[in-house]
Amino acid sequence: MVAVVTVDLFGWLSSVDGLATTLSAIGRAVLGEDAEYGSIDQETVARLEAEWTSEIPHRIVETTSKQLWWALNNDDIESLRNALEPILAAQIPGPSDVEPLRRDLVAWAIHIHRYTARH
């Protein structure tokens, strides 16, 4: 079985770029290849932007969205997900975070699409 893992990001321009670079490096370490970059559909961008602006009280003008993706074998999904999750989890505000929240937080969504071949 073949799978595609996508990670959609939205936030402050430099934060999104930095997180994308980090995630791509993790993918390279786990899978031996860099992430590919794609574009996010407008509905997802709007949802991530709404999530991000609800957490970050002072909207920053320089925002962007970015999508990373990897095509991989089904056996590699858990390894990649386990490597990505701690980095992505650090982007979630916790109860100990004080106001105002860090503006470098990035809203994200991860999707796993599995494909099977039928003859």
Side-chain angles (χ1 to χ4, degrees):
M1 185 182 307
V2 175
V4 175
V5 174
T6 62
V7 179
D8 300 328
L9 306 171
F10 181 89
W12 192 23
L13 178 65
S14 63
S15 298
V16 168
D17 288 345
L19 183 57
T21 299
T22 299
L23 296 176
S24 186
I26 289 169
R28 185 178 357 22
V30 172
L31 304 172
E33 60 186 64
D34 289 323
E36 300 290 333
Y37 290 90
S39 58
I40 307 173
D41 65 84
Q42 289 302 316
E43 183 178 318
T44 302
V45 171
R47 185 177 54 77
L48 290 174
E49 180 178 16
E51 179 182 318
W52 188 79
T53 56
S54 73
E55 295 291 340
I56 309 298
H58 298 84
R59 184 167 176 156
I60 299 169
V61 177
E62 294 182 20
T63 57
T64 192
S65 62
K66 191 172 278 193
Q67 181 184 77
L68 291 83
W69 63 270
W70 295 266
L72 59 155
N73 293 320
N74 194 41
D75 297 342
D76 296 325
I77 292 172
E78 288 305 312
S79 298
L80 182 61
R81 183 173 31 199
N82 290 339
L84 296 177
E85 281 184 348
I87 303 301
L88 293 172
Q91 298 297 316
I92 300 171
S96 62
D97 288 325
V98 295
E99 294 292 335
L101 289 175
R102 294 182 358 242
R103 296 187 301 171
D104 64 339
L105 293 174
V106 173
W108 56 270
I110 186 168
H111 306 279
I112 299 170
H113 307 276
R114 297 177 183 190
Y115 301 95
T116 58
R118 294 192 179 141
H119 300 287

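- For the pair Leu84/Trp108, no side-chain contact is recorded, criterion being any heavy-atom separation below 4.5 Å from C-beta on.
- The CD1 atom of Ile26 lies 11.0 Å from the OG1 atom of Thr21; values are rounded to the nearest 0.5 Å.
- In this structure, Arg47 and Ala109 approach most closely via the heavy-atom pair NH2-CB, 3.8 Å.
- Contact record, Ser24 with Tyr37: CB-OH, 4.0 Å, taken as the closest heavy-atom pair.
- For the atom pair CZ of Arg28 and CG of Asp34, the computed distance is 4.0 Å after rounding to the nearest 0.5 Å.
- Looking at heavy atoms from C-beta onward, Thr64 lies out of side-chain contact with Glu62 at the 4.5 angstrom threshold.
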Next on the checklist: Assess the residue pair Phe10 and Thr44 against the criterion (side chain to side chain contact (heavy atoms under 4.5 Å, CB included)); give the C-alpha distance rounded to whole Å, side-chain angles, the decisive distance to 0.1 Å, and a yes or no.
Outcome noted: CA-CA 10 Å; Phe10 181 89; Thr44 302; over 6 Å; no
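- Counting heavy atoms from C-beta outward, Asp8 and His111 have side chains that approach closer than 4.5 Å.
- Here CG of Leu80 is found 13.0 Å from CG of Asp75. Values are rounded to the nearest 0.5 Å.
- Looking only at distances, a side-chain donor or acceptor of Asp41 sits under 3.5 Å from a matching main-chain atom of Glu43.
- Counting heavy atoms from C-beta on, the side chains of Asn74 and Arg114 come closer than 4.5 Å.
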Item to check | Test side chain to side chain contact (heavy atoms under 4.5 Å, CB included) applied to Val5 and Leu72, step by step | outcome: CA-CA 8 Å; Val5 174; Leu72 59 155; 3.7 Å; yes
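- Across all non-hydrogen atoms, the minimal contact from Leu68 to Ala20 is CD2-O, 3.5 Å.
- Nearest heavy atom pair, residue Ala3 against residue Ile77, reads CB-CD1, 3.5 Å.
- Scanning all heavy atoms of the two residues, the minimum distance from Ser15 to Val106 falls at CB-CG2, 3.8 Å.
- Of all non-hydrogen atoms in Glu51 and Ala107, the two that sit nearest each other are OE2-CB, 4.0 Å.
- For Glu78, the CD atom counts as densely surrounded, since its 6.0 Å shell holds more than 12 non-hydrogen atoms of other residues, nucleotides or ligands.
- Contact check for Leu23 versus Leu9: side-chain heavy atoms found under the 4.5 Å cut-off.
- In this structure, the side chains of Thr63 and Trp52 come closer than 4.5 Å at one or more pairs of heavy atoms.
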